[in-house]
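Working notes, structure below.
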Amino acid sequence: TVTYSTLLHGYCCEGKVFEANNVLHEMMMNNCFPNNYTCNILLHSLWKRGKISEAEELLQKMNERGYGLDTVTCNIIIDGLCNGGKLDKAIEIANGMWIHGSAALGNPGNSFIGLVDDSNNGKKCIPDLITYSTIISGLCKAGRLDEAKKKFIEMMGKNLQPDSFVYDTFIHSFCKEGKISSAFRVLKDMEKKGCNKSLQTYNSLILGLGSKNQIFEIYGLMDEMRERGVSPNVCTYNNIIRCLCDGAKFQDATSILDEMLQKGISPNIASFRMLIKAFCKAGDFRVAQELFEIAL
RNA sequence: CGCAUUGUCCUCUGAA
């Protein structure tokens, strides 16, 4: 079952629905039965692909057949609701989990009717770090930073220790709003708690510094990354390119592109879009066209 | 008992 579920996960990630179905069939043929993990994988995949009603059906079936809906199940739904703009419903469910466990999914007026009354083997599923992280991320994306902070405090009150995901979410949000000093304040707190800067931490900081044209600080961070063995990825470079383009440092921007190619980090659409736009704006259509051709 | 599933970074219909 573990093996098949792992395979299934692989196919689902790639969006290979047909192959995924084959795995499921083969699994049953060999008398391996789907469990929580398997169902969660399917549920997540359906939701990500926008098949919400099918996902809901699956949820019903899981419920009826006594697969325990667990915290992961709830987190998948909560994440789906956040991304679907139903943030408040997501928050409501997360709150409800403290009392009703997974039955909170079936609570007031959503489409998940009549879910388990959570006598799930006597242990009910309660919100975890990921639940909070999901909600906080949703609030941040919606620009509701104050509420996000409240959730953060609430989380600490439940004895859940924030990890770098949660910190990164705040740092990113501040950087995006250009509130660099707030971002660095969070960073300080993060490091005090023993979390090291992650790749995304660096990327967010670079994005933020870039919006203030603090190029030297950016290069400083790049050096630090190198020292600490954190390898930049496409996003890192794209953030730098954005900053250089905004500052009209076009040749610097193209040398970043060269550096990427040299390091074997493939530029993506975002990289080329920014560069081409910059050169067009500068009236240098020749280079713009060259870039276009490289992109192809 | 252990192994598989969930959360954070670049991509704006860049037009005035």
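Each chain gets a letter, A, B and so on, in the order the sequences are listed, and its residues count up from 1.
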* Atom of A/Leu129, atom of A/Pro162 and distance for their closest heavy-atom approach -> CD1-CA, 4.1 Å
* Separation of atom CZ in A/Phe170 from atom P in B/G7, rounded to whole Å -> 18 Å
* Determine the interatomic distance between C1' on B/C10 and the same-named atom on B/U6; round to the nearest Å. => 23 Å
* Within the modelled atom types, does a donor on one side and an acceptor on the other bring the side chain of A/Asn40 and the base of B/A4 under 3.5 Å apart? -> no
* Asked: Rounded to whole angstroms, how far apart are CG on A/Leu42 and C1' on B/A4?
  -> 13 Å
* **Whether A/Trp98 and A/Tyr132 hold their rings parallel, tilted or perpendicular, with breakpoints at 30° and 60°** => tilted
* Rounded interatomic separation in angstrom, taking CG from A/Asp70 and P from B/G7 -> 14 Å
* What integer distance in Å separates A/Ile240:CD1 from B/U11:C1'? -> 17 Å
* Determine the contact category for A/Ile41: base if any of its heavy atoms lies under 4.0 Å from a base atom, sugar-phosphate if only primed atoms, P, OP1 or OP2 are that close, otherwise nothing. => sugar-phosphate
* Interatomic distance where CG belongs to A/Leu69 and P belongs to B/U6 [whole Å] -> 17 Å
* **Atom-to-atom span, NE2 of A/His9 to P of B/U6 - whole angstrom** => 4 Å
* Asked: Over how many whole Å does the gap from A/Lys281 atom NZ to B/A16 atom C1' extend?
  -> 12 Å
Protein-nucleotides 8-10 of chain B N/O pairs closer than 3.5 Å?
| residue | atom | partner | partner atom | Å |
| --- | --- | --- | --- | --- |
| B/U8 | O2 | A/Asp168 | OD2 | 3.2 |
| B/U8 | N3 | A/Gln200 | NE2 | 3.0 |
| B/U8 | O4 | A/Gln200 | NE2 | 2.8 |
| B/C9 | O3' | A/His172 | NE2 | 2.8 |
| B/C9 | O2 | A/Gln200 | OE1 | 3.4 |
| B/C9 | O2 | A/Asn203 | ND2 | 2.3 |
| B/C9 | N3 | A/Gln200 | OE1 | 3.2 |
| B/C10 | OP1 | A/His172 | NE2 | 3.1 |
| B/C10 | OP1 | A/Lys176 | NZ | 2.7 |
| B/C10 | O4' | A/Asn239 | OD1 | 3.4 |
| B/C10 | O2 | A/Asn238 | ND2 | 2.3 |
| B/C10 | N3 | A/Asn268 | ND2 | 3.4 |

* Asked: In chain order, what residues pass the side chain to side chain contact (heavy atoms under 4.5 Å, CB included) check against A/Leu187, with sequence neighbours excluded?
  -> A/Ile171, A/Phe184, A/Met190, A/Glu191, A/Lys197, A/Thr201, A/Leu205
* Would you check if A/Thr236 and A/Leu199 make a side-chain contact, meaning some heavy-atom pair closer than 4.5 Å? => yes
* **Option among A/Asp70, A/Leu69, A/Asn75 that satisfies the side chain to side chain contact (heavy atoms under 4.5 Å, CB included) test with A/Asn40** => A/Asp70
